[in-house]
Amino acid sequence: MEIEGYLKKDYITNLVKQDKREDARKFDEHRKILVDNDYVKDKAPGSCFVQLGKTKVLAGISIAVGEPFSDRPNDGVMSTSTELRPMASPRFESGPPNDESIEIARVIDRGIREAGAIDTKKLLIEDNLVWIVFIDIHVLDHDGNLIDAGGIAAMSALLNTRLPKYEDGKIIYGEYSGKLPINCVPIPCTTAKIGKNLLVDPSLNEEYAMDARLTVATTDIINAMQKGGTGSFNEEEIMACVDAAFEQGNKIRKMLSTD
Amino acid sequence: MEIEGYLKKDYITNLVKQDKREDARKFDEHRKILVDNDYVKDKAPGSCFVQLGKTKVLAGISIAVGEPFSDRPNDGVMSTSTELRPMASPRFESGPPNDESIEIARVIDRGIREAGAIDTKKLLIEDNLVWIVFIDIHVLDHDGNLIDAGGIAAMSALLNTRLPKYEDGKIIYGEYSGKLPINCVPIPCTTAKIGKNLLVDPSLNEEYAMDARLTVATTDIINAMQKGGTGSFNEEEIMACVDAAFEQGNKIRKMLSTD
Amino acid sequence: MEIEGYLKKDYITNLVKQDKREDARKFDEHRKILVDNDYVKDKAPGSCFVQLGKTKVLAGISIAVGEPFSDRPNDGVMSTSTELRPMASPRFESGPPNDESIEIARVIDRGIREAGAIDTKKLLIEDNLVWIVFIDIHVLDHDGNLIDAGGIAAMSALLNTRLPKYEDGKIIYGEYSGKLPINCVPIPCTTAKIGKNLLVDPSLNEEYAMDARLTVATTDIINAMQKGGTGSFNEEEIMACVDAAFEQGNKIRKMLSTD
Amino acid sequence: MSGNGDVVLIKDGKRLDGRDFDELRDIKMEVSVLERAAGSAYVEWGKNKVMVGVYGPRELHPKFLQDPTKAMLRCVYNLAPFSVDDRKKPGPDRRSVEISKVTSEALSSVVMLERFPNTVVDVFIEILQADAGTRCAGLTAASLALADAGIPMKDLIASCSAGKIQGQVVVDLMKEEDNFGECDLPMAIIPKKGEVVLLQMDGKLSRDEFKDAYKLAYDGCMKIYDLQRKTLMDSMKKFVGEGGIENGD
Amino acid sequence: MSGNGDVVLIKDGKRLDGRDFDELRDIKMEVSVLERAAGSAYVEWGKNKVMVGVYGPRELHPKFLQDPTKAMLRCVYNLAPFSVDDRKKPGPDRRSVEISKVTSEALSSVVMLERFPNTVVDVFIEILQADAGTRCAGLTAASLALADAGIPMKDLIASCSAGKIQGQVVVDLMKEEDNFGECDLPMAIIPKKGEVVLLQMDGKLSRDEFKDAYKLAYDGCMKIYDLQRKTLMDSMKKFVGEGGIENGD
Amino acid sequence: MSGNGDVVLIKDGKRLDGRDFDELRDIKMEVSVLERAAGSAYVEWGKNKVMVGVYGPRELHPKFLQDPTKAMLRCVYNLAPFSVDDRKKPGPDRRSVEISKVTSEALSSVVMLERFPNTVVDVFIEILQADAGTRCAGLTAASLALADAGIPMKDLIASCSAGKIQGQVVVDLMKEEDNFGECDLPMAIIPKKGEVVLLQMDGKLSRDEFKDAYKLAYDGCMKIYDLQRKTLMDSMKKFVGEGGIENGD
């Protein structure tokens, strides 16, 4: 942790002891969420720019055709990547994905995949040929809680993704044959533990101060969880995180819509 | 730039102010060019060893068969790589291509490709099967102006390249079915700017001293240009570089021949 | 070489001058060899855990199907890799194979390949489809002479490898159609030169002290040799290494069996 | 988690391998199995075979990574190529990188890293045979290996998973249950404190099912903890006799 | 540059999108769009969407790369995977490496690097949507972001391309013109000095056509320069009011 | 080594290229062929064309690799993409890495590395055309290049291979013999000492055949040694005249 992190950690820890957050939020609230769908609509069949407070991420969907996995010959394929672009933080470097970006991508992926959010059974084109859905999450400005920001952006982009036209063995770019079939809308909710307090949607400064975090992705049930950080949670705290996730998930889900 | 570079820079800058070059050349002349075709004739269907002053490069052509690009199903494929071998300079390191070698390869490639030097339309073997022409430029001794040396070596090697025999789905190595069809002979010409002076074909020491360089690849028209370095050119200087490129291109083209 | 190496080198060099080894072995003996076949039998069709003194290696065989090499269209394929896992030595690092692990894998591979130990001609499944045999040597604890330990483990694993069932274009994991056909049992024997002495099967400490080593892999003839280290051997020494290799090879071969 | 309803995983109230819903697979633990490593452990857990070697605290290179306030704990989880049916290409994949990260964070919660500033403690986890639950087995073994190396810890870490198969919450999934079940929930705890240091989940669980699964996994962890302590007692009388595992509160 | 004669790019003296031969696409510029970066800018240029973030001057690691006479200016040009029709695999390809190099050289011509020895100025260019001319848009935005970061420069860099379609020299090619035209000539200038700092070309141009294309691109750069100054005026009154952009002669 | 019995490699007691069993291919050697390198050599050996450049002793980076007791000798053996029938992808493959290692060890046996602590001597071997026996040609040329660079050595290294074709032990295999023969045995020696510093073998040899092959390779090395000395005499009178190649005993 750089010097800045140490200083912010002290500042936040003291604030939280007084039941306060730096932006005057309640402990169980997300920052303001701005959703801008179809941000790169001239090239990507689906995309969404999300601002979660000052955190900015852009999720773009690419669609290709290819072979299914041999153990699921009738199902389309999804793949999720996260790039922590170096413009987003002085700490991020150019280069291949590191453990941080891999964890973010995999947690977001699990929420979407395990909920069955994409109806992959409808993505069979013909024998041994299926649609492949790439979710690329581009982190542009890092002010904390990249999992929630990225997960919301990815899900909103998917909700608005069109399937390209496919003729004579080729994708016709810019023309579409329908919408990507979506079954449900899983939303991740991350709670940070600072001292004995639980804070939903930690900002970057709060991340410097947190002992541990717990992400819970929910639809009407739980679909994915991921604990992070070197601290620990007791059972009561974990259930509080789960309950917050259901509540916040419902609120955020209502903000997302198809065009 | 290492210490050597700083010293040479001063030396050359002063020399140029007196309208002189270290090897007594005129400003608009290339160094002596020695061309040795079919240098590795027992293995490569085409090759050329070029000495440009003390700079030494070896271009080798490899021929393979493969699929065409989907947007040009009837055209052969060409691919150009440059390797700055570590024996060529104390500054070069083993390892994957860096920005310097990639730039050299891409500028040489553009000259050849954009002029249509290789008649790729004649490289269709059968449906969905074409000849692939690899141009590998091996830099062995670096005394400046690798783009011109590499571009001349590549073009001379191509002019003398034979197409292998292809029978029953296999290349018969060492047997040939004809010559690689060549349409025209683009030649790159690089001019360095030192102070207010323009010098064709900079040596390594002149490269230490140059503010900027401009490469112009010509046939009877311009096919590629690339400005390099952190300095700038005005319009008049650019036109002078263009004119020098036409003139030097014509001279050098006459030196190249097929066997 | 780390400090430890320098200290051990002196200690061993002095010991050897007195015709002694640290573990009281004779100069022409291998350490105690423990062979545990089918160590990972629930997943790998063949495997063998070998202890050579305190050195521990685990060889695992994986079987896949694929295309043959175009110059040997009727032969199965073998491929050997060695991983110097970082748990095995403070000197080993995570990451791609380095020159040390590549050398070990290639020397072991040559012994097996050149002897024709695997009957690759019997590995044709159907036209253009053959069995591919992967030999992966996992080094877990490094107390010297990884070539011999790895070579013995690989050969013993191969001797006990089953061929999977192959039906309808798929491998049926966990079911087998027979044994991997084995022609002969090449065994590598490594001799270290310390001063004027030759010591079979050097321990790690003896490797610190050795000037050079010579590995000879034998069946009833010589199939592979590899000299290592910066020292040199005269003809007499080399012949002594060869003779030791035949003798030790015969002894070790008797220890290996099929189940 | 395919939740493939066609595959029968429960028959007559028993699981495919005859286990009850709250029953762990057979487990064998051993320490000091390696010569070179500072500490080591071997765990056999059902068909899983896991070996762990620990080095350090040792100097950390390159220097700019050094933390003057504490040691770094670095973990590498690695699947051997032959440990799975379909050969795994050597080298870390995305799954391994994630497991290495969460394992390292879990271990960092108990190792007294602040005692060894500027150094690194390296934990190398090798999965020699894999049959579901390898991260729990690896973490359990890593904890033993750290104790075997004499590295001061506040407590051991004990790890176990729960899951759901055919609608039934059960403990410690084996391979078929992992492939065709509806949920996997690996967990690790600091037993003395009763708190969770690793928690991952993927699949489908209602809030109530999660509470059940949590309890099963937690109880599983406590059984593992007993085995860990017994293993250390048995094999390392001297170490434990001297009060080896430090009490951190 | 395929120069494919079958594709109609000019109709009734107008280009496919209705533009005149010397007309730029619609352009939108904004600065200070990012929180964390020291300076940032966003440029929309036709369908191109480009974001730039600048960090530094900051310490350069590893140390042996440091130059005691000046700062290094390091540029990364990156195409987002979803910015093009056919998904681009993440990571630098040869084209990106070349563009990063020439962009970095162009910017180095105006940034007062000698003021910050041993440091690095990092310029990160993200192409979020690509439709021909991205290097010109990226360079234009990078120049704004450097000004936004308050890094002393002798002048801005303004960039624009020209090209040839169906035998006609035109300014600022869009995607179809780039794909089926006969030549592309990206350029960047130091407007006050009137000199060229980036010049690349591929295709087919006679000497005379080159002179025409040069003029079109140059004039395009000057229009971009006006937009850049207006953007900085509008959005950063305070910065410009204090004389922010330094005069280098 | 396929040992393919169908291919005729010996006819009327002569080899395919007319050579006797103990006859080397035509060999040409030259030194000081490069401008920038501290020392260099070119060897043509049959159809093999090999160029070597040497740099150093020079400072070794990163510093933690430095050995305060001696210089490191680092060798890179590289096959040019066009040096073989089927284009070789650029970059080191496993074969090249192994050859670089054994070559570096062989050269280290004679170079007086202890005179230049903390430095590195770099030997770059480029195979421009390959036709079997490239490692011997490379090592032979490397030895000349080191002498050309004036780096103190106890002796030159001379290298040559032997092998077996159609049951007959012969010296210096060319490509067809290497492809279809039964054994290849590359060797390198310190001629003055008469000891072996490189020895590899793959194929099938009885103990007696090995003794024969050893003798052929050894004698081949001695012929190479004569050519090396002649080359250095001829081309570097001045160097040799001053007693250049040091006598190490």
Side-chain angles (χ1 to χ4, degrees), chain A residues 1-2 6 69-72 75 79-82 96-107 109-116 120 184 186 193 211-239 241-243 245-246, chain D residues 1-4 67 69-70 73-76 86 92-102 104-111 113 154-155 157 164 179 182-190 193-211 213-215 217-218:
Chain A
M1 202 191 296
E2 59 270 55
Y6 278 109
F69 286 114
S70 62
D71 55 341
R72 300 188 172 223
D75 290 12
S79 160
T80 309
S81 305
T82 296
N98 62 5
D99 58 353
E100 191 175 354
S101 70
I102 288 173
E103 185 187 27
I104 294 170
R106 285 177 61 85
V107 173
D109 185 276
R110 277 206 287 273
I112 297 171
R113 184 184 302 274
E114 299 298 333
T120 52
C184 59
K193 178 173 172 184
D211 302 304
R213 61 171 156 75
L214 184 63
T215 300
V216 182
T218 58
T219 47
D220 55 339
I221 55 174
I222 307 170
N223 295 110
M225 299 178 80
Q226 181 88 342
K227 182 260 175 188
T230 61
S232 56
F233 287 98
N234 63 29
E235 185 176 357
E236 190 187 347
E237 288 163 349
I238 290 170
M239 290 317 297
C241 294
V242 168
D243 291 336
F246 277 116
Chain D
M1 295 296 114
S2 74
N4 188 329
D67 185 333
T69 70
K70 61 174 190 293
L73 191 146
R74 207 161 43 179
C75 183
V76 177
D86 207 356
D93 56 8
R94 291 161 60 92
R95 176 179 170 277
S96 303
V97 169
E98 187 193 351
I99 295 179
S100 296
K101 183 176 192 285
V102 294
S104 154
E105 288 173 350
L107 293 171
S108 295
S109 68
V110 291
V111 176
L113 297 170
K154 296 178 199 157
D155 194 3
I157 296 293
K164 189 169 73 167
N179 284 353
E182 296 118 58
C183 170
D184 184 27
L185 182 130
M187 186 190 284
I189 66 171
I190 310 176
K193 219 173 160 184
E195 295 206 348
V196 170
V197 289
L198 181 142
L199 181 62
Q200 298 182 285
M201 181 274 200
D202 62 299
K204 296 181 202 301
L205 278 189
S206 70
R207 189 181 185 283
D208 285 348
E209 285 169 338
F210 171 70
K211 287 193 81 161
Y214 181 94
K215 187 172 171 7
Y218 189 93

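Just so it is clear: chains get the letters A, B, ... in the order the sequence lines come, proteins before strands, and each one is counted from 1.
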Note to self: So which residue, A:I222, A:D99, A:D243, ends up with the most heavy-atom pairs under 4.5 Å with chain D?
What the structure shows: A:I222
Next item on the list: Measure the CG-CG distance between D:D202 and A:N223 for me, rounded to the nearest 0.5 Å.
Entry: 9.5 Å
Notebook entry, point to check: Is the backbone N or O of A:E103 less than 3.5 Å from a side-chain atom of D:K101, with the two atoms forming a donor-acceptor pair by type?
Noted result: no
Checklist line | Inter-residue atom distance D:N179.CG - A:D71.CG, 0.5 Å rounding | finding: 8.5 Å
Item checked: Segment of A:A115 engaging chain D (4.5 angstrom heavy-atom cut-off) -> backbone
Next item on the list: Identify which of D:L73, D:V97, D:I190 forms the greatest number of heavy-atom pairs closer than 4.5 Å to chain A.
Entry: D:V97
Note to self: Using a strict threshold of under 4.0 Å (side-chain N to carboxylate O), is an ion pair present between D:E105 and A:R213?
What the structure shows: no
Note to self: Which atoms of D:T69 are under 4.5 Å from chain A, going by heavy atoms: the side chain, the backbone, both sets, or neither?
What the structure shows: side chain
Notebook entry, point to check: Any idea which heavy atoms bring A:T230 and D:S108 closest together, and the distance?
Noted result: CG2-CB, 3.6 Å
Item checked: Distance in Å, D:L199 CG paired with A:S232 OG, rounded so as to fall on 0.5 Å steps -> 12.0 Å
Next item on the list: Output the distance between atom CD1 (A:I221) and atom CZ (D:F210), rounded to the nearest 0.5 Å.
Entry: 13.5 Å
Check: Does A:E114 offer a backbone N or O that forms a donor-acceptor pair with the side chain of D:K204 under 3.5 Å?
Finding: yes
Checklist line | Side chain to side chain, D:R95 and A:R106, heavy atoms closer than 4.5 Å | finding: yes
Note to self: Just verifying a value: how many Å separate D:R207 CZ and A:F246 CZ, rounded to the nearest 0.5 Å?
What the structure shows: 8.0 Å
Next item on the list: Evaluate side chain to side chain contact (heavy atoms under 4.5 Å, CB included) for A:Q226 paired with D:V102, printing each intermediate quantity in order.
Entry: CA-CA 9 Å; A:Q226 181 88 342; D:V102 294; 3.6 Å; yes
Next item on the list: Answer whether the closest heavy-atom distance between the side chains of A:K227 and D:L198 falls below 4.5 Å.
Entry: no
Next item on the list: Could you check if a side-chain atom of D:Y214 sits within less than 4.5 angstrom of a side-chain atom of A:V242, using non-hydrogen atoms only?
Entry: no
Notebook entry, point to check: Any idea which of A:R110, A:M225, A:R113 has the most non-hydrogen atom pairs under 4.5 angstrom with chain D?
Noted result: A:M225
Notebook entry, point to check: Between atom CD of D:Q200 and atom CG of A:L214, what is the distance when rounded to the nearest 0.5 Å?
Noted result: 11.0 Å
